[in-house]
Engineer: 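This is the structure I want to talk about, given as structure tokens.
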Protein chains: 2
Amino acid sequence: MARIQSKKNSTKKEIIIEKAARLFREKGFGAASMRDIAETVGVEAASLYNHIQSKSEILQAICFKVANDFIAQLEEVERSNASTLEKMETIIRMHIRMMLEHYEYVYISDHEWRHLPEPYLSNFLNQRRSYRKRLSDVIEEGIHKNEMKNIDPYVAVLTILSAISGIESWHRSRKTTGAETLEENMVKYLIEGLKK
Amino acid sequence: MARIQSKKNSTKKEIIIEKAARLFREKGFGAASMRDIAETVGVEAASLYNHIQSKSEILQAICFKVANDFIAQLEEVERSNASTLEKMETIIRMHIRMMLEHYEYVYISDHEWRHLPEPYLSNFLNQRRSYRKRLSDVIEEGIHKNEMKNIDPYVAVLTILSAISGIESWHRSRKTTGAETLEENMVKYLIEGLKK
DNA sequence: GAACCACCCTAACACTTGTTAGTTTTCATT
DNA sequence: AATGAAAACTAACAAGTGTTAGGGTGGTTC
């Protein structure tokens, strides 16, 4: 019960996933090999299998952790009794912060999910679809309550989530624009386009 | 000079690139093998090398074709004497239509460029950076001329391009929303958020 | 001190990868 | 019918893939 632990109070499995996430993001799931992962962990490839069952288990862990995180936070917003515009702003900020603070994980969940094996793939896509539906319900309500301009809710959700997912390219850049400027301006842009 | 041609007035090389594009988009560059490509072309893998030099040459052809297309169209807009807002709307529509009509190519150029070998990779990224800079110059001018609201130009460009790139997920969906609705609503959203 | 267990190692597996060599087929032009 | 080039084929290569088997090592617990 002691040896399995490391410096950071995390199990070796968690360490493996963390290191793998970095590589999956940098090179893509397919191009990052188990031997690559093993090297950054400081161990032989075969040894990884004492802690994980397969390469794709790592991907599953990452994708579903992110998905669950988003769903949990969305539920919190849904339960609140803020206006629909406030709700959307909260959600947008939540997404931006997730992208800023958990870049690797969110990026992988956004871009590498197609490598999930069935039935996880279908599962993931269903969760995703239902998540977006719930977001567009908020917008639809906002339109009915005359708090938002009349815009196709599906397109609005698509626009918002895609825009935020593009923060990925900021992360890869030289970051002459600060994180705070990024957040405030993107929120401004996306909320302004929604307002009546 | 005749045998190399096929039904569609295109060389075999172009056919290979087209078929490969489909596979690169579906499975990713790394996961699509030369044997996969050969099969859809209806030939053995080794025979592909009578027409192309390497797998990555296909990727280069796709990425730079798209990049050059975008640059050419941007230059046309820059030369016009429309207002900055009109310019931005034209550019946004151009991007949306490219995404709608040349989905496979644009998607690959957006998502698989990291597999380009040097020096093509650096080249590609430089073109991309300079393209975005020119877009943000238009927005900056719009702000100075008081035609646009005061928003960080870098963030605005990031938001616009990322949003449009998300049309990819519409393409993969059941398309309950039509292409026209998609275009009009996204333009509305993105332009409205820019207007003073 | 013996047994146990978690963990690492080396070696190997079956398979897939992009690509090359060498040969044969196809077909328009002479 | 013969020529010559383009383009297809088979076979093989070296390297890399995820994963398993089996054995060794060092620390914890009886």
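Just so you know, these numbers use all the heavy atoms, side chains as well, and skip hydrogens, waters and symmetry mates.
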Engineer: If I take atom CD in residue B:Glu57 and atom C1' in nucleotide C:dT19, what distance separates them, rounded to the nearest angstrom?
Structural biologist: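 These atoms are roughly 14 Å apart.
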
Engineer: What pairs of residues pass the ring pair (Phe, Tyr, Trp, His ring centres under 6.0 Å) test when at least one of them lies in residues 155-191 of chain B, not counting sequence neighbours?
Structural biologist: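 Sorted pair list: B:Tyr103-B:His171.
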
Engineer: Is A:Glu18 paired with A:Arg22 through a side-chain N to carboxylate O contact shorter than 4.0 Å?
Structural biologist: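 A salt bridge is absent here (no side-chain N lies under 4.0 Å from a carboxylate O).
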
Engineer: Using OP1 and OP2 only, check whether a side-chain N or O of A:His51 sits under 4.0 Å from C:dA6.
Structural biologist: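 Checking A:His51 against C:dA6: no side-chain N or O falls below 4.0 Å of OP1 or OP2.
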
Engineer: Under the ring pair (Phe, Tyr, Trp, His ring centres under 6.0 Å) rule, what pairs show up with a residue in residues 13-38 of chain B, not counting sequence neighbours?
Structural biologist: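 For residues 13-38 of chain B: B:Phe24-B:Phe29, B:Phe29-B:His115.
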
Engineer: Any salt bridge between A:Lys188 and A:Glu184, counting N to O under 4.0 Å?
Structural biologist: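 So A:Lys188 does not pair with A:Glu184 through a salt bridge.
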
Engineer: On a heavy-atom basis, which atom in B:Ser136 and which in B:Pro153 lie closest, and how many Å separate them?
Structural biologist: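 Looks like O-CB, 3.7 Å.
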
Engineer: By a strict heavy-atom criterion of less than 4.0 Å, which residues belonging to residues 40-50 of chain A are in contact with DNA chain D?
Structural biologist: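 Within residues 40-50 of chain A, the residues near DNA chain D are A:Ala46, A:Tyr49.
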
Engineer: Is any side-chain heavy atom of A:Leu100 closer than 4.5 Å to one of A:Glu180?
Structural biologist: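 The answer is no, as the side chains (C-beta and beyond) never meet within the 4.5 Å cut-off.
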
Engineer: What residues, two or more places apart in sequence or in another chain, satisfy side chain to side chain contact (heavy atoms under 4.5 Å, CB included) together with A:Glu76?
Structural biologist: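 Testing A:Glu76 for side chain to side chain contact (heavy atoms under 4.5 Å, CB included), a comparison that skips the adjacent residues, returns A:Arg79.
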
Engineer: Which residues pass the side chain to side chain contact (heavy atoms under 4.5 Å, CB included) test with B:Glu147, sequence neighbours left out?
Structural biologist: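 Scan of B:Glu147 (side chain to side chain contact (heavy atoms under 4.5 Å, CB included), adjacent residues dropped) gives B:Ser83, B:Thr84, B:Lys145.
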
Engineer: Taking only side-chain N and O atoms of B:Lys55, does any of them lie within less than 4.0 angstrom of OP1 or OP2 on C:dT17?
Structural biologist: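 Indeed not, no polar side-chain atom of B:Lys55 lies that close.
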
Engineer: Is any side-chain N or O of A:Arg35 under 3.5 Å from a base N or O of D:dG18, one able to act as donor and the other as acceptor?
Structural biologist: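 Present.
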
Engineer: Using a strict heavy-atom distance below 4.0 Å, which residues from residues 24-34 of chain A are in contact with DNA chain D?
Structural biologist: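 Per residue number, the list reads A:Ala32, A:Ser33, A:Met34.
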
